Number of protein chains: 2
Amino acid sequence: MRPTVHDIAASAGVSLATVDRVLNHRPGVRGVTRAKVEAAIETLGYVRDVAAANLAKGRVYPLVFIVPAGDNPFMRGLEAEILVAGRRSPADRAQISILTVPAFDPLALVEAIDTAAADQPAGIAVVAVDAPEVAAAIDRARTTGVPVVTLVSDLAASGRDHFVGIDNVAAGRTAGSLMGRFLGSRPGPVAVLAGSMLVRDHRERLEGFTAAMAEHSEVRVILDVLEGQDDPMLAEELVAMCFNAHPDLAGIYSLGAGNRGLVTAISARAPKGLRVIAHDLTSHTRSALKAGLIDAVLHQDAGHEVRSAIRVLKAKADGVAVIEAQERIRIDIFLKDNLPPEQRGDLRDQVEQDD
Amino acid sequence: MRPTVHDIAASAGVSLATVDRVLNHRPGVRGVTRAKVEAAIETLGYVRDVAAANLAKGRVYPLVFIVPAGDNPFMRGLEAEILVAGRRSPADRAQISILTVPAFDPLALVEAIDTAAADQPAGIAVVAVDAPEVAAAIDRARTTGVPVVTLVSDLAASGRDHFVGIDNVAAGRTAGSLMGRFLGSRPGPVAVLAGSMLVRDHRERLEGFTAAMAEHSEVRVILDVLEGQDDPMLAEELVAMCFNAHPDLAGIYSLGAGNRGLVTAISARAPKGLRVIAHDLTSHTRSALKAGLIDAVLHQDAGHEVRSAIRVLKAKADGVAVIEAQERIRIDIFLKDNLPPEQRGDLRDQVEQDD
DNA sequence: CTGTTAGCGCTTTCAA
DNA sequence: TTGAAAGCGCTAACAG
């Protein structure tokens, strides 16, 4: 049997309360006493039973997630993952609530943040919009003592405690590296379809993509960015026009949302041998991948992100350090051949520890 | 506050013990009483606090992992992950012990399985060798009531309860698909370096690779398999000979271990523009990826596999169903641009829930 | 500064 | 067939 607080209390010749104080770095223990207890902990190899501690504490962590509304499939998937986490949240003593706000609307976001902070939750996770008012709102929340993490889209200008999301420059580089290998010495320019260059993630992905493409031996023209506003209709139109203007188009990198339009345009008439790389595995990109219309999809696992956000916020609430390297979100690459199984909603009801 | 056993006891007008009996489907409760309790559970929306239940039960799960000895980096990484899981095992009430056995030695493996089963642990996870004696040993253990899962390498011929590992045919297909895209219309044959065609995983990977390559429009010669016995020296030699015999070699797929030798041969003198895809991220493949000697690495996350094995074995021990789709292990693809950070050993000391 | 005591939500003897 | 009471490992009043 592993040692308990009773064992170290006995071994150190003190009471349970004193052991507890030492364990939790609470004040009111003489140096000598503390040393005795620590020695006992050390020699007995004591490790605290976190489950029992939590049970005794009865502490809960009210957490607020703020996500953009709208039909962006990635965001809807993110929300679904938050709900999943919410359903098994009793297990990790988190109480999760979700606030949806109009997309790309700084003022609405500011209001949501202020509202959330007013309830003094244990933490706030927010999909940030890159605006000074938003940064200010985040700073206000933190001043009130509420930890804030940015989710998916960062806002470094704010004093947010942590960013939960992928390294978008690296994602862009990965796409560029893949595209370079896919194209080899095949001639022709490459197009980039983005949502908006006003969004930080998209700018960063483009930057990484361009850099990685430049590293390849073949010289290749990268056309002016097509800004599809994450809107399927507009994206389709822009891509179709691009096909017209560049019949020799060799590749296209879609670094934002609106991939439904992209796929429509491609299946209508794409230049022969066109290589396509897109972001985020959704029902649309998944089926396009299977059909061979898209070659590869870069992905960030929303479930991982949500669980990471919860861990980080709880850690911040407790004033405990976060192991940054451990909370780094992976950039997944999917081909049609390594697609994960489609998760039915009710399967996710089960406890899912990781993976 | 969510309802507790006390609440349902009060609401149903019975004692805690009776509630517990109903909750755990234990006998000795009248039908009417049971119905009353179940009604209360339903209307109050009760969900059991698993942590508290485990605390009260004090149940532990002794689990034995059997892995091959030797300097195969993947296996050593696997063992490291088992140790990591072992260190935080108190949290999930698992008591993990590791048995190492000579690699590719069916008899030694049989003995290890029998020894492990003799202690009547809650479960056994074994990296299987494809031999009838091993299948028989696994069946013996299961007859004794000890659940067994195969890990990384399957043995479907046995009655193992579950296989924890990647779909190796799909992995081969992924490699073939990538290779096909990398090579495009560039001429030249492709070589395959394997450990041994006697191992099931390797056979399956080859099968998938060949199939995927055949699907690509370009006709391409796939050379006879080089069997490197997962031995760096032999692998180096075989690859070097292959370079000699085929100066126009376009690509090489290394589907087993021994990649240190592969990398040495490549860095010595590889045909210009050679595309290389290997398996398993190790220090060797990682640095070769960074150096541009390898284009892509397919990977199975040993940490995920270990945690999945633990979950599955505990579920089997409790006679609870496993959600197969949820326990499916992903095939990861790494380029130099999306490499995960190198985990320092001591970082893994922290609790890592998933991801 | 230190100890006593009750209790978190659940399980488990032992009696009734 | 049912219930009372003790206890899992830890924390948190409240006393001393």
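Letters A, B, ... mirror the listed sequences (proteins, then strands); counts begin at 1. Small disclaimer: the values here were computed from a predicted structure and weren't measured.
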Query raised in the report: Between A:Asp154 and A:Thr150, does a side-chain hydrogen bond (donor to acceptor under 3.5 Å, both in side chains) hold up when you go through it step by step?
Result: CA-CA 5 Å; A:Asp154 197 9; A:Thr150 47; 2.7 Å; yes

Requested in this report: Establish, with yes or no, whether the OP1 or OP2 oxygen of D:dG3 is under 4.0 angstrom from a side-chain nitrogen or oxygen of B:Thr18.
Outcome: yes

Query raised in the report: When we call it a touch if two heavy atoms are under 4.0 Å apart, what does A:Gly28 touch: a base, just sugar-phosphate, or nothing?
Result: base

Query - Euclidean distance, atom CZ of residue B:Arg59 to atom P of D:dG9 [Å, nearest integer] - result: 17 Å

**Report entry** Euclidean distance, B:Leu99 CG relative to B:Ile124 CD1, rounded to 0.5 Å
**Finding:** 9.0 Å

Report task. Please examine the side chains of B:Ile310 and B:Ile96, heavy atoms only from C-beta on, and report whether any two atoms are closer than 4.5 Å. Result -> yes

Report task. Flag this pair as yes if the NZ/CZ of B:Arg48 is under 6.0 angstrom from the six-membered ring centre of B:Tyr46 and inside a 45 degree cone about the axis; otherwise no. Result -> no

Requested in this report: Scan nucleotides 6-16 of chain C nucleotide by nucleotide, 5' to 3', and note B when protein non-hydrogen atoms come under 4.0 Å of the base, S if they reach only the sugar-phosphate, - if neither.
Outcome: -BBBBBB----

Query raised in the report: Any ion pair linking B:Asp20 and B:Arg26 (charged N to carboxylate O, less than 4.0 Å)?
Result: yes

**Report entry** Under-4.0 Å salt bridge between B:Asp301 and B:Arg330
**Finding:** no

Query raised in the report: Across the strands shown, which category fits A:Val14 at heavy-atom distances under 4.0 angstrom: base, sugar-phosphate, nothing?
Result: sugar-phosphate

Report task. Quickly work out the A:Ile8 CD1 to C:dT2 C1' distance and round it to whole Å. Result -> 15 Å

**Report entry** Integer-rounded Å distance: D:dC10 P and A:Arg93 CZ
**Finding:** 15 Å

